[in-house]
Amino acid sequence: MEQPKANRRGRAVAPLCGLITVAAVLAMYAALGCAPFGDGSLADTRALSLLAYYKDVLTGANSFNFTWSRGLGSSGIDLLAAWLASPFTLLALLFEKSQMETCYDLLVALKLGAAACTCSWYLRRRFPEWQPAAMGSLAVCYGLMGLGLAENGAVLLDGTYLLPLVLLGVCRILSGGTCAPLAFALGVSTLFQWFGGCVCCVAAAAAFAVMWTVRRVRNLHEPFRPVPELWAPLAQLGLSLLLGLGLGMALLWPTLCSASGTSACREWIPAALRWMLIALLFFGGTGTARYFIARETSGKRLIQGLLGILLAALVVWAPVTAARMDRNGQTVSQTEEALLRSLAAFDNSLYRVAVPGSALAYGVASADVGDVFTDTTQKALLADLYRDDSDPAADALLGVKYILSDTDIPGMSPVSGIEDADGLAVYENPDSLPLAFAYSTYAWQEAEDIRDDLDPLSQVYSRLCGETVSISTQTSA
């Protein structure tokens, strides 16, 4: 049986909204000189490093189970849960590691397009009486709000395109339907990006409270039946939250158990709460729009004015995005990659390398102090050992055998078997210790009376040597 033309047009709105949103984002990239049309990018160094690391994992050059490229060596499962589990991230396979800026910008465009698609789907199911043009305009506005761009898109954009599906699941519960759609949406959002998934759970509870209250206020003239009207939907909501979090527990549990998970929570709580509040206000505004559109002509004019204000608010999107470009910089250099390959062929033993960029991006073992959700214990140790950006004594203790540098390093000479490239050379640290070495437990115990006024690095060397050693004095001499 042939479906009505209006219904077919409504189904075509969702993909059309996605295409319009992606086209608008790409036009913005061209105007601002962002990749793939210029040298700029929306990404910061951390996001680019993680994408390069993800590509290494997909190609077998690194691992989520354990990697030497992060801090002093740790698991990368929390990086997968916090940043990389979304299927959109598989786009990294299509790009070289030196092209991660283009990959990131395209990821943002695709996720914003997906947000417009799911918003259109929500509006079509929630307000079937709306014309396709009205639904499409609001959906594109939702996709172009740029919340993820202002609050760090790599983390929050997955929640942005999954939130409309979560709200549809809440509506289904309040209409007497099953909890399966809501549980599935919450589970997927938690798997794709665990922190955004947890915020979606909070958003589902808040939306349930608001929608139930509005329904009850509308039906005050009817007798209240607690079991079917309140307790049954509330039980469905609770079951959805349990099933959704249970589905995402495969990545959520190991992340929360790690020390890095707690630091990630502290970092993203303010941004995620702002995202949830503004997004819920947007969808609350669609409900208000439905109310006014059903009223007299004055109500229609009012909502048209509100939509005009919403569209005008998008003007701030480009300046906010342009402000983020000040933190950009290429993360993976082809020159440095070539030098590291030559170094691996020259010396295939286990050692650490100091690279100008992120060790995680290059996939090499290093004492990297970069803030990529590093374990808090390791961060504290590295902060104590490295009081400056570079410390030869700390490098030697941690087994940093080679250093990539474009300037001469006192006391070190370039490796003769590796040619310089674009002014960059590989220097060997002659004092480097192995990554694992034996020391005298007796000497460590005998050194308990070491002076407390020594710096942390000197205290470690003193305990290993069994006598007081002042590294700073020896270095300055």
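What's counted below: heavy atoms across the whole structure, side chains too, no hydrogens, waters or symmetry copies.
At least one donor-acceptor pair under 3.5 Å links the side chain of Lys97 to the backbone N or O of Ala361. Between the side chain of Tyr461 and the main chain of Ala393, a donor-acceptor pair closer than 3.5 Å is present. Looking at Tyr29, its side chain does come within 3.5 Å of a backbone N or O of Asp105 through a donor-acceptor pair. With Thr89 contributing its side chain and Ala85 its backbone, the two residues share no donor-acceptor pair below 3.5 Å. The backbone N or O of Ala116 sits nowhere less than 3.5 Å from a side-chain atom of Ser120 that would complete a donor-acceptor pair. The main-chain N or O of Ser69 is never found under 3.5 Å from a side-chain atom of Ser366 such that the two would form a donor-acceptor pair. Under a 3.5 Å cut-off, the side chain of Asp422 and the backbone N or O of Leu424 do not form any donor-acceptor pair. Here the side chain of Tyr427 pairs no donor or acceptor atom with the backbone of Lys401 at under 3.5 angstrom.
Crowding of Asp420 atom CG: a count of heavy atoms from other residues, nucleotides or ligands under 6.0 Å exceeding 12. Counting non-hydrogen atoms of other residues, nucleotides and ligands closer than 6.0 Å to CZ of Phe64 gives a total above 12.
Residues Leu245 and Leu186 form no side-chain contact, since every pair of their non-hydrogen atoms from C-beta on lies 4.5 Å or further apart. You'll find the side chain of Leu165 reaches within 4.5 Å of the side chain of Trp121, heavy atoms only. Taking the side chain as every heavy atom from C-beta outward, Leu26 and Phe37 approach each other to under 4.5 Å. Using a 4.5 Å heavy-atom threshold, the side chains of Arg352 and Leu72 count as touching. Taking 4.5 Å as the limit, every side-chain heavy atom of Tyr362 sits out of range of all side-chain heavy atoms of Ser49. Using a 4.5 Å cut-off on side-chain heavy atoms (C-beta onward), Leu107 and Leu51 make contact.
Two rings, from Phe66 and Trp68, have their centers less than 6.0 Å apart. Checked against a 6.0 Å centroid threshold, the rings of Phe88 and Tyr161 count as neighbours.
For Tyr351, the side chain to side chain donor-acceptor pair (under 3.5 Å) test picks out no residue, with sequence neighbours left out.
Minimum heavy-atom separation, Ser189 to Cys200: OG-CB, 4.0 Å. Contact detail for Asp158 and Lys111: the closest heavy-atom pair is OD2-NZ, 3.1 Å. Minimum interatomic distance between Val22 and Gly113 (heavy atoms only, all atoms of both residues): CG2-CA, 3.9 Å.
Glu428 CD to Ile418 CD1: the interatomic distance, rounded to the nearest 0.5 Å, is 9.5 Å.
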